[in-house]
Amino acid sequence: MRTAVVWDALRAVLSAAGRERLDIVDAGGGTGGFAVPLAELGHAVTVVDPSPDSLFALERRAAEAGVAVRGLQGDAADLADILSRDSADLVLCHSVLEYVEDPRSALVAVHGLLRPGGTVSVLAANPVAAAIHRAVAGHFDEAREALATGRWGAKDPTPRRFDAAALTALLAEAGFGATQVHGVRVFADLVPSRLVDGEPGAAEALIALEQAAATHPVLRDIAAQLHVVANRT
């Protein structure tokens, strides 16, 4: 439920590529939640992540799935030093821009890694959703702070968040064009799990609702995360 919309967009990218095997880099890919399924589809996948523990878990996960995924230790901003220029068809940059020191430099590094016409998939936290979630929890001052600054306070574990305009502008500055924006987890984080787990067909219905809301002109912009697909120009 939490990633169905992202997978819909990724499947469209893979289908449009016109080749059965793509070179894919998952920057900040952690334990391989996206990397291993992509490798199972027959693609050559490399994960770059700063955590040795995550890379160890990735190796184990890939082995259990019977696929090969290359794991390299490093940060998204270091991609140019770790991998060759123009070596990837698709780069995933999921839940990375919120934490890197310089988001624009990270996207410039991704741009250099991609072949001409290559695609980047960016997933980032949305400040509007953070405000909604704090308000629902009864923290109204924190909700107002999240709307104003993108963070709900000093204890907020997320250093920054991006609305759709900020994400698309950042990608344009880094040399990307033709962006598509989807909302991810519009309802999934708000619906109590008992309503999904206890009703036959509820999970499938919620996924269908998420897919319908992903491009809705209003609902998209209140999603927990925003997913942007953009091409290297």
Side-chain angles (χ1 to χ4, degrees), residues 1-76 78-97 106-107 109-124 171 176-182 184-185 203-204 207-208 210-211 214-215 225 227-233:
M1 288 182 293
R2 295 168 67 86
T3 60
V5 168
V6 180
W7 276 111
D8 286 345
L10 290 179
R11 279 190 287 267
V13 171
L14 298 175
S15 177
R19 300 194 343 255
E20 292 186 359
R21 184 177 174 86
L22 300 182
D23 294 315
I24 300 175
V25 174
D26 190 348
T31 61
F34 283 93
V36 170
L38 287 168
E40 290 180 303
L41 293 175
H43 301 289
V45 185
T46 298
V47 170
V48 178
D49 195 275
S51 169
D53 291 340
S54 293
L55 293 175
F56 178 77
L58 164 69
E59 183 179 358
R60 184 175 57 218
R61 188 177 198 164
E64 290 172 353
V67 296
V69 176
R70 181 170 59 155
L72 300 174
Q73 188 173 358
D75 294 315
D78 301 325
L79 289 174
D81 300 322
I82 298 170
L83 296 166
S84 301
R85 185 175 179 84
D86 298 345
S87 61
D89 301 297
L90 170 64
V91 175
L92 309 188
C93 189
H94 294 173
S95 301
V96 169
L97 298 183
L107 287 178
V110 169
H111 185 279
L113 188 62
L114 283 165
R115 296 179 177 121
T119 302
V120 62
S121 168
V122 175
L123 188 64
L171 283 157
F176 291 96
T179 58
Q180 305 170 32
V181 183
H182 310 96
V184 177
R185 292 159 45 204
E204 292 77 8
I207 289 173
E210 287 286 343
Q211 290 167 326
T215 56
Q225 293 175 301
H227 181 232
V228 182
V229 175
N231 297 322
R232 174 184 167 178
T233 55

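When reading the values below, keep in mind they use all heavy atoms of this one structure, side chains included, and skip hydrogens, waters and symmetry mates. Predicted model only: the values in this text are computed from it and were never measured.
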_Contact summary for Pro52 and Gln73, nearest pair of heavy atoms_ = CG-NE2, 3.5 Å

*Under a 4.5 Å cut-off applied to non-hydrogen side-chain atoms, are Leu22 and Val13 in contact?*
no

*Compare all side-chain heavy atoms of Val120 with those of Arg232 and state whether any distance is below 4.5 angstrom.*
no

*What's the shortest heavy-atom distance between His111 and Thr233, and which atoms?*
NE2-O, 4.2 Å

_Could you report the tightest heavy-atom contact between Gly117 and Asn231, atom names first, then the distance?_
O-OD1, 4.3 Å

*Could you tell me whether the side chain of Val228 reaches within less than 4.5 Å of the side chain of Phe176, counting heavy atoms only?*
no

*Check the pair Leu38, Trp7 against side-chain contact (heavy atoms from CB on, under 4.5 Å), reporting the backbone distance first and the verdict last.*
CA-CA 10 Å; Leu38 287 168; Trp7 276 111; 3.9 Å; yes

*Heavy-atom side-chain contact between Val45 and Val67 under 4.5 Å*: no

*Roughly how far, to the nearest 0.5 Å, is the CG atom of Leu90 from the CG atom of Leu114?*
7.5 Å

*Thr3 side chain near His94 side chain, heavy-atom distance below 4.5 Å*: no

*Over all heavy atoms of both residues, which pair between Val25 and Ala88 is shortest? Give the atoms and the distance, please.*
CG2-CB, 4.0 Å

*asked:* Show me the pairs that pass salt bridge (Lys or Arg N to Asp or Glu O under 4.0 Å) and involve residues 1-14, at least two apart or across chains.
replied: Arg2-Asp189, Asp8-Arg11

_Option from Gln211, His227, Glu210 for which side chain to side chain contact (heavy atoms under 4.5 Å, CB included) with His182 holds_ = His227

*For Ser95 and Gln225, work out which heavy atoms get closest and say how close.*
OG-NE2, 3.4 Å

*Output all residues satisfying side-chain hydrogen bond (donor to acceptor under 3.5 Å, both in side chains) with Ser87, sequence neighbours left out; order by chain, then residue number.*
none

*Verdict with reasoning, Asp49 to Thr31, per side-chain contact (heavy atoms from CB on, under 4.5 Å)*: CA-CA 9 Å; Asp49 195 275; Thr31 61; over 6 Å; no

*asked:* Just verifying a value: how many Å separate Thr119 OG1 and Ile24 CD1, rounded to the nearest 0.5 Å?
replied: 10.0 Å

*Please round to the nearest 0.5 Å and tell me the distance separating atom CG of Leu58 and atom CG of Asp53.*
12.5 Å

*Between Asp78 and Val48, is any pair of side-chain heavy atoms under 4.5 Å apart?*
no

_Would you say that Asp23 contacts Arg115 through its side chain, given a criterion of any heavy-atom pair below 4.5 Å between the two side chains?_
yes

*So, do His43 and Leu14 sit near enough that their side-chain heavy atoms are less than 4.5 Å apart?*
yes

*Between Gly71 and Leu55, what is the shortest heavy-atom contact and its length?*
CA-CD2, 4.1 Å

*Taking it one step at a time, do Val110 and Val122 satisfy side-chain contact (heavy atoms from CB on, under 4.5 Å)?*
CA-CA 11 Å; Val110 169; Val122 175; over 6 Å; no

*asked:* For a side-chain contact (heavy atoms from CB on, under 4.5 Å) check, start with the C-alpha distance between Val184 and Leu123, then their side-chain angles and the critical distance, and finish with the verdict.
replied: CA-CA 9 Å; Val184 177; Leu123 188 64; 3.9 Å; yes

